[in-house]
Amino acid sequence: MTLEQIYYFKKLAELQHYSTAAAELYISQPSLSYSIKNLEKELGSPLFQRNGRNVVLTKYGKEFYKYVVEVLEKLED
């Protein structure tokens with residue numbers, strides 16, 4: 001897991017849309033998808049569930065999000 005993947009996860013969790021998140025991160029949508037897929041594979045749990053053109057956090061994603069926010073706040077301090 002990389003810090004980059006954590007930032008990508010957080011942005012996608014907040015925006016709930018791959019294309020919008022990718023645009024705000026200044027990366028391509030396929031790059032974001034690939035990074036999130038690798039993160040999910042590494043963690044062994046799905047973090048997002050597709051909901052039409054958007055995504056929502058799974059229960060695992062919601063738990064992970066809590067830790068991500070906490071860690072990133074500490075890093076930024």
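All residue numbers refer to positions in the sequence shown, counting from 1. Values in this document were obtained by computation on a predicted structure and should not be read as measured data.
- With hydrophobic clusters built from ILVMFWY side chains whose heavy atoms lie under 4.5 angstrom apart, L57 shares a cluster with V68.
- By the rule that hydrophobic residues join a cluster once side-chain heavy atoms approach within less than 4.5 Å of another member, Y8 and V69 end up as members of one cluster.
- Between the CG atom in N54 and the OG1 atom in T20 there is a gap of 8.0 Å [rounded to 0.5 Å].
- Side-chain heavy atoms closer than 4.5 Å link hydrophobic residues (I, L, V, M, F, W, Y) into clusters, and following such links, even through other members, never connects I6 to L15.
- Cluster membership for Y7 and L47, using ILVMFWY side-chain heavy atoms within less than 4.5 angstrom, is shared.
- Listed by chain and residue number, S28 satisfy the side chain to side chain donor-acceptor pair (under 3.5 Å) test with S31 (two or more places apart in sequence, or in another chain).
- Side-chain N or O atoms of Q5 include one that pairs as donor or acceptor with a backbone N or O of S35 at under 3.5 Å.
- Applying the ring-ring contact (aromatic ring centres under 6.0 Å, His included) test to pairs two or more places apart or on separate chains, those with a residue in residues 44-72 are F9-F48, F9-F64.
- Taking both residues in full, the closest heavy atoms of L32 and A21 are given as CD2-CB, 3.8 Å, listed atom of the first, atom of the second, then distance.
- Look at K66 and E70 and you find no salt bridge, because none of the NZ, NE, NH1 or NH2 atoms lies under 4.0 Å from a carboxylate O.
- Under the 3.5 Å distance criterion, the side-chain polar atoms of E42 are matched with a main-chain donor or acceptor of M1.
- With hydrogens and angles disregarded, no donor-acceptor distance shorter than 3.5 Å links the side chain of Q29 to the backbone of S19.
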Handout entry: side chain to side chain contact (heavy atoms under 4.5 Å, CB included) between Y18 and I36, worked out
Key = CA-CA 10 Å; Y18 272 96; I36 296 298; 3.6 Å; yes
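- Heavy-atom contacts from other residues, nucleotides or ligands closer than 6.0 Å to OH of Y34 number 12 or fewer.
- Residue pairs that meet the salt bridge (Lys or Arg N to Asp or Glu O under 4.0 Å) test with at least one member in residues 2-18, sequence neighbours left out, are K10-E14, K11-E24.
- When hydrophobic clusters are built by joining Ile, Leu, Val, Met, Phe, Trp and Tyr residues whose side-chain heavy atoms come closer than 4.5 Å, directly or via intermediates, L25 is grouped together with L72.
- L12 contributes atom CG, which lies 10.0 Å from atom NE2 of H17 (distance to the nearest 0.5 angstrom).
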